[in-house]
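As the structure is a prediction and not an experimental result, all values here were calculated from the model.
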Amino acid sequence: MNQHASARADRPEIVVEDLMIPSDTAGISLHLRNKRPAALKTFSAERTILMMHGATYSSESLFDTPLGGVSFMDYLARQGYDVFALDVRGYGQSTRPPEMDAPPEQSEPLVRTETGVRDLASAVAHILKLRKIARLNLVAMSWGGSVAGAYTAGNNDKVVKLALVAPLWLLQGPAPIDAGGHLGGYRKVPVLDFRTRWLSAAPDAARSSLIPAGGFELWANISLATDPQGSAQAPAIMRAVNGPILDIREYWAAGKTLYDAGEIRVPVLLVHAEWDQDVPIASALDLFLSLKHAPYRRWVEIGEGTHMLLLEKNRLQAFDAINQFLAEDYG
């Protein structure tokens with residue numbers, strides 16, 4: 001366990017811990033990063049958050065890249081939350097399945113959504129025991145929304161509120177993330193080439209200002225650093241498991257749901273951006289209308305943003321919407 005604290009005169013001191021916790025599989029450990037105010041000594045369900053990443057990039061990459069000196073995790077910790085971020089097996093600093101040391105064609109797609117749900121369950125159980133609380137909040141993005149949604153549908157008693165950013169749901173055809181063809185155990189992602197696809201979702205005139213100055217390079221370097229084996233290659237790549245892609249192909253892109261959104265019985269926030277091509281607005285609407293048993297639900301649509309909204313110029317709108325949703329008490 002690594003722990004350090006950082007502070008500025010005008011901001012609360014933030015404690016950072018990196019934890020490795022057991023999964024339900026021998027030999028597989030899961031990475032949990034925790035950020036919280038140093039002054040926070042009493043923990044509560046309502047002020048505890050677990051964050052869940054998407055199909056390609058780790059939680060550190062998505063939630064802890066400090067654009068403008070402040071990451072999403074930093075922002076939430078400064079609001080007084082006890083914030084955890086999980087890397088499912090195969091991602092970030094978590095153990096990679098041994099099949100990832102062999103060529104990808106030698107294994108079937110690794111780490112399907114069901115495995116992600118199990119790893120999320122392991123993380124929830126660890127945090128609840130560590131903090132001596134009965135429930136927590138979930139904040140999830142993209143494929144992580146599938147994982148967190150499925151988990152919540154079966155474990156409403158362990159979730160206070162569910163905030164979903166561009167969560168996967170039913171699609172009208174193949175997903176942009178799926179390049180087609182045979183899927184091996186994992187894929188090799190040339191991270192530095194992703195800028196073109198990222199920006200292609202936005203109109204031409206908006207592309208130059210969409211990502212904060214220097215933000216892409218900072219994010220890409222953090223992403224590549226999570227896979228030393230890949231980033232040491234030329235050109236640098238990052239390995240990403242293909243189980244989520246197979247599930248998109250066999251479920252969401254095939255018009256079949258992976259879980260029943262009607263079984264979610266906690267308050268839900270849906271955050272979506274207008275230029276999201278991975279989760280089109282029609283998909284978000286279908287999910288929103290499927291949340292029939294949530295005590296209350298809200299949809300925040302943010303203009304001038306793509307699927308990578310949390311790392312773009314309008315990210316603070318998403319941060320603020322999630323903070324407001326988690327902080328309010330509507331009974």
Side-chain angles (χ1 to χ4, degrees), residues 49 51-76 79 85 138-146 148-149 162-172 175-177 189 191 193-220 222-223 248 252 268-288 291 297-326:
I49 298 171
M51 309 182 82
M52 173 66 206
H53 59 78
T56 304
Y57 300 102
S58 70
S59 280
E60 179 181 7
S61 171
L62 293 172
F63 306 132
D64 210 21
T65 293
L67 299 180
V70 180
S71 71
F72 192 9
M73 290 190 76
D74 294 331
Y75 169 92
L76 291 169
Q79 301 299 317
L138 292 176
V139 175
M141 176 192 167
S142 192
W143 174 67
S146 294
L162 176 65
L164 301 174
V165 181
L168 280 176
W169 193 249
L170 296 174
L171 301 170
Q172 299 297 317
I177 196 175
V189 180
V191 177
D193 294 343
F194 181 61
R195 186 201 300 261
T196 300
R197 181 166 106 75
W198 182 341
L199 295 177
S200 69
D204 289 350
R207 292 174 184 172
S208 63
S209 62
L210 186 66
I211 306 172
F216 179 83
E217 292 77 13
L218 176 62
W219 167 84
I222 288 173
S223 300
I248 292 171
W252 305 122
V268 181
L269 172 67
L270 173 59
V271 178
H272 185 263
E274 68 165 320
W275 297 331
D276 192 331
Q277 295 181 343
D278 294 75
V279 180
I281 196 166
S283 177
L285 174 60
D286 190 63
L287 172 57
F288 187 77
L291 296 163
R297 53 194 159 137
R298 181 177 309 147
W299 181 348
V300 173
E301 184 72 15
I302 295 177
E304 299 188 12
T306 77
H307 194 63
M308 300 293 284
L309 170 68
L310 296 179
L311 293 160
E312 295 174 352
K313 67 176 184 179
N314 288 329
R315 65 195 180 280
L316 289 177
Q317 294 184 40
F319 296 0
D320 288 344
I322 291 169
N323 174 49
Q324 177 185 334
F325 170 70
L326 296 180

Side chain proximity check, E301 to L270, heavy atoms < 4.5 angstrom: no
Y57 and F194 aromatic ring geometry - parallel, tilted or perpendicular at 30°/60° bounds: tilted
Check: V279 main-chain N/O paired with H272 side-chain donor or acceptor under 3.5 Å: yes
M52 to F63 - nearest heavy-atom pair and separation: O-CZ, 3.4 Å
Check: H307/S142 side-chain N/O donor and acceptor closer than 3.5 Å: yes
4.5 Å side-chain heavy-atom contact, S209 and K313: yes
Straight-line distance of R195 CZ to F216 CZ, nearest 0.5 Å: 5.0 Å
Any donor-acceptor N/O pair, D74 side chain to S71 backbone, under 3.5 Å: yes
Euclidean distance, Y75 OH relative to D320 CG, rounded to 0.5 Å: 3.5 Å
Matching residue for T306 among E312, R197, Q277, E274 - test: side chain to side chain donor-acceptor pair (under 3.5 Å): E312
Trace of the side chain to side chain contact (heavy atoms under 4.5 Å, CB included) decision for W299 with I281: CA-CA 11 Å; W299 181 348; I281 196 166; 3.8 Å; yes
From CA spacing to verdict: side chain to side chain contact (heavy atoms under 4.5 Å, CB included), S283, W252: CA-CA 10 Å; S283 177; W252 305 122; over 6 Å; no
Sub-4.5 Å side-chain heavy-atom contact between W143 and I177: no
Gap separating the CG atom of L199 from the OG atom of S208, nearest 0.5 angstrom: 9.0 Å
Candidate pair L326 and Q79, rule side chain to side chain contact (heavy atoms under 4.5 Å, CB included), full reasoning: CA-CA 11 Å; L326 296 180; Q79 301 299 317; over 6 Å; no
Check: T65 and S223 side chains under 4.5 Å, non-hydrogen atoms: no
Residue pair P280 / L171, side-chain heavy-atom distance below 4.5 Å: yes
Charged tip of R297 within 45° of F288 ring normal and under 6.0 Å: yes
Straight-line distance of L269 CG to L164 CG, nearest 0.5 Å: 8.0 Å
Pair F319-L310, side chain to side chain contact (heavy atoms under 4.5 Å, CB included): steps then yes or no: CA-CA 8 Å; F319 296 0; L310 296 179; 4.0 Å; yes
Which residues share a side-chain contact (heavy atoms from CB on, under 4.5 Å) with I302, sequence neighbours left out: V271, V300, L309, N314, Q317, A318
From L285 atom CG to W169 atom CH2, the distance as rounded to the nearest 0.5 Å: 12.5 Å
Minimum heavy-atom distance L67-G215, with the two atoms named: CD2-CA, 3.5 Å
